[in-house]
Peer 1: 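I have a structure I would like to understand better, so I am pasting it below and will then ask my questions one at a time.
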Amino acid sequence: MLDIAYLRSKREELIEALRKRGYDVSIVDKLVELDERRRKLVKEGDDLRKLRNEKSEEVARIKKSGGDASELIAELKKVSRRIKEVEDEQKKVEAEFRELWLQIPNIPHESVPLGKDETENVVVRYEGEKPEFSFEPKPHWDIGEALGIIDFKTAGKMSGSRFFILKGYGALLERALINFFLDINTHKHGYFEVMPPVLVKEEAAYASGHLPKFREEMYYIDEDGLFLVPTAEMALANLHRDQILDESALPLNYVAYTPCFRREAGSYGKDVRGMIRVHQFNKVELFKYTKPENSYKELENMLENVGHILKLLKLPYRVVQLCTGDLGFAASVTYDFEVWAPGLGRWLEVSSVSNTEDFQARRANVRFRRKSTGKLEFVHTLNGSGLATPRVFIAILENYQQEDGSVVIPEVLRPYMGIDVIKA
RNA sequence: GGAGGGUUAGCCUAAUUGGUAAGGCGGCGGAUUUGAAAUCCGCUGGGCUCUGCCCUUGGGGGUUCGAGUCCCUCACCCUCCGCCA
């Protein structure tokens, strides 16, 4: 959610931002009109309430001194009826305004390249060397099924498409990745570990910015009104909802492992094979609460943290800055990390690192009191995957595959696995 | 699932039969002090067209001229019963 000032005093900036993102800008006129109507109603209501407050006290005085206030009460009855009318109208206008306002995305940061969709994203840098093979590299589903560590067929039988079962060393590799990600982020990168619920209430989904826009993307438990989290970000963005944080405690750095659940409603027929795009996967998520003036420094820091993990795994990757047309709803700026998958012959997104500035904090109402001014300010929040497992799993199988079908384990994972290579 | 008790500002706590939220702690600023403590004074929820006004007692709704207080409803917390890995 944006500062309302974007509607009142910085309207040109708002319109410009919507244009860059490819949004319909006519919504702005509607919002301005609703805002003006709302302000008029507030004024009228305030005046009426003032009248009621004054006259009611008069009633109290008259009654105390034993007088007859029935005439005044009759008059106030009318005032109260009118107040009710004005308030009802105000509520209607406010609800209408809120519904539209919640659909306004964040303002892209000035560094974000202009573009209409993902084809215009900009590769910032490449890291690591793509491996050379003396044979035709296989896709992970062939490698995994031959080794008996991935089972798509049985998963389909019990849960449907876009699910998978990891077995034996496959399950162990997955567990090793989760632990490695958590260990490095807590021990080396300075994040505080949290294990949150994976079912959250509707208001939590609004606070994180996932509702109203991404309702279709989430699993919903109707009976209890709970959503399965599509990312731990949703839980971490609610850790301090409606709180005033200590300025000296910032930045707060959190890391959480959770399974993530996505309906993939809009992606029929896309990446149906393998575990590139699945309904349930594991992810270790990074999240920061910072002071506004430090959020871009902290963004750099988070980008370094994510890159460091991929370097330790010795996987070739590239960093891509999303253009205005591809930028997520709540983000001011986003960098994706894409890892090379030689069996598939393509880059796979394994992390998305964003600064939402105060957009999410405003929705979740997370503030701090600045000592130098004594004023309350919204914090800035940042989120990034560090990392999501299935695609890293894919990249390991495909980059570390050997001609005989075995897969060498990256050195940093060997202490977790107890073996150097997965053989058939 | 059932019964009862709770929710007041950052925290803690008051408020006769319904009459328009009183204090304390902590924090910040100031006075005093060589400095600190102690003491004293002020500020310490949000909004607006800001000498002032409006809103705010967990959320929403109702009764009333007027609701922290009465009624309905929802959420959360505590105690007990039931169920349960």
Side-chain angles (χ1 to χ4, degrees), chain A residues 1-9 31-32 34-99 101-102 195-208 211 220-227 234-235 238-250 252 289 291 358 361-379:
Chain A
M1 186 162 68
L2 290 174
D3 189 339
I4 197 105
Y6 277 103
L7 207 56
R8 296 180 185 163
S9 57
L31 280 163
V32 168
L34 286 168
D35 186 43
E36 275 164 10
R37 272 173 64 196
R38 187 189 73 84
R39 287 211 271 182
K40 263 186 207 133
L41 288 164
V42 167
K43 170 74 174 148
E44 189 181 351
D46 276 4
D47 290 346
L48 286 165
R49 274 185 292 269
K50 183 185 175 187
L51 182 69
R52 184 185 65 186
N53 289 344
E54 285 170 358
K55 300 282 178 178
S56 281
E57 278 183 72
E58 209 176 316
V59 170
R61 273 201 302 277
I62 291 169
K63 284 200 167 178
K64 221 172 236 170
S65 61
D68 176 19
S70 56
E71 203 172 310
L72 193 52
I73 287 174
E75 186 195 330
L76 278 177
K77 215 167 207 164
K78 281 183 211 151
V79 173
S80 281
R81 259 205 303 277
R82 179 65 192 146
I83 288 175
K84 181 89 175 62
E85 282 168 22
V86 171
E87 283 178 345
D88 286 348
E89 179 67 13
Q90 187 186 332
K91 264 178 223 154
K92 242 174 68 192
V93 170
E94 273 173 359
E96 216 176 318
F97 178 85
R98 182 181 153 80
E99 197 188 321
W101 193 235
L102 284 176
M195 197 168 279
V198 297
L199 288 163
V200 301
K201 295 196 283 185
E202 185 160 8
E203 61 202 76
Y206 270 102
S208 67
L211 283 180
Y220 179 61
I221 316 286
D222 187 43
E223 203 174 6
D224 299 294
L226 294 169
F227 290 87
M234 197 182 261
N238 277 275
L239 272 185
H240 298 292
R241 199 170 81 209
D242 298 320
Q243 283 184 13
I244 295 167
L245 302 174
D246 236 339
E247 184 179 14
S248 61
L250 300 173
L252 286 167
Y289 293 85
K291 294 212 276 182
D358 66 3
R362 202 175 282 282
R363 287 194 175 209
N365 192 27
V366 184
R367 295 171 296 174
F368 74 100
R369 191 178 297 280
R370 191 184 287 282
K371 208 169 172 179
S372 57
T373 60
K375 297 279 183 197
L376 288 172
E377 289 181 40
F378 289 104
V379 299

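Chain letters run A, B, ... following the sequence lines, proteins first, then strands; residues in each count from 1.
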Peer 1: Of the candidate nucleotides B:C55, B:U49, B:G19, which contains the atom at the shortest distance from the side chain of A:V59?
Peer 2: B:G19
Peer 1: With a 4.0 Å cut-off on heavy atoms, is A:K40 in touch with a base, just the backbone sugar-phosphate, or nothing at all?
Peer 2: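 Nothing, no nucleic acid heavy atom in range.
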Peer 1: So what does A:K91 touch, heavy atoms closer than 4.0 Å: a base, only the sugar-phosphate, or nothing?
Peer 2: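 Sugar-phosphate contact only.
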Peer 1: Measure from the side-chain heavy atoms of A:I73 and tell me the nearest of B:C65, B:U49, B:G47.
Peer 2: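 My answer, after comparing the listed nucleotides, is B:C65.
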Peer 1: Hunt down the Watson-Crick or G-U wobble partner of B:U69, both distances under 3.5 Å, from any strand shown, or write none.
Peer 2: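 Across any shown strand, B:U69 pairs with none.
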Peer 1: Is A:D88 paired with A:K84 through a side-chain N to carboxylate O contact shorter than 4.0 Å?
Peer 2: yes
Peer 1: Roughly how many Å apart are B:G61 and B:G10, using the C1' atom of each and rounding to a whole number?
Peer 2: 30 Å
Peer 1: Using a 4.0 Å heavy-atom cut-off, does A:R61 contact any base of the nucleic acid, only the sugar-phosphate backbone, or nothing at all?
Peer 2: nothing
Peer 1: Sort out the partner of B:U39 for me: Watson-Crick or G-U wobble, both distances under 3.5 Å, none otherwise.
Peer 2: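 When the pairing criteria are applied, B:A31 turns out to be the nucleotide that pairs with B:U39.
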Peer 1: Roughly how far apart, to the nearest Å, are B:C54 and B:A22 at atom P?
Peer 2: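 Each nucleotide's P atom is 15 Å from the other's.
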Peer 1: Counting only side-chain heavy atoms from C-beta out, which of B:C55, B:C54, B:G61 sits nearest to A:K50?
Peer 2: B:C54
Peer 1: Can you tell me, in whole Å, how much space there is between the C1' of B:C12 and that of B:G1?
Peer 2: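 Straight-line distance between the two C1' atoms is 35 Å.
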Peer 1: If you take all heavy atoms of A:Y289 and A:N238, which pair is closest and at what distance?
Peer 2: OH-N, 4.2 Å
Peer 1: Could you check which nucleotide pairs with B:U49 in any of the strands shown, counting Watson-Crick or G-U wobble with both distances under 3.5 Å?
Peer 2: none
Peer 1: Watson-Crick or G-U wobble partner for B:U7, using a 3.5 Å limit on both distances?
Peer 2: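 Partner of B:U7: B:A75.
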Peer 1: Side chain of A:R8, backbone of A:D35: donor and acceptor closer than 3.5 Å?
Peer 2: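 No, because the side chain of A:R8 does not come within donor-acceptor range (under 3.5 Å) of the backbone of A:D35.
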Peer 1: More 5' along RNA chain B: A:D88 or A:A74, using each one's nearest nucleotide?
Peer 2: A:D88
Peer 1: Roughly how many Å apart are B:C25 and B:G19, using the P atom of each and rounding to a whole number?
Peer 2: 28 Å
Peer 1: Across all strands, who's sitting opposite B:U17 as a Watson-Crick or G-U wobble pair, both distances under 3.5 Å?
Peer 2: none
Peer 1: Which nucleotide wins on minimum distance to the side chain of A:K201, given the candidates B:G47, B:A75, B:G62?
Peer 2: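 Given the options B:G47, B:A75, B:G62, the side chain of A:K201 is closest to B:A75.
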Peer 1: Does A:K77 or A:K43 map to a spot on RNA chain B nearer the 5' end, using the closest nucleotide for each?
Peer 2: A:K43
Peer 1: Under 6.0 Å from the CD atom of A:E99, do we count more than 12 heavy atoms belonging to anything else shown?
Peer 2: no
Peer 1: Quick one: closest heavy-atom pair of A:R362 and A:M1, and the distance?
Peer 2: CD-O, 2.9 Å
Peer 1: Applying the Watson-Crick and G-U wobble criteria at under 3.5 Å, what pairs with B:U64? Answer none if nothing qualifies.
Peer 2: none
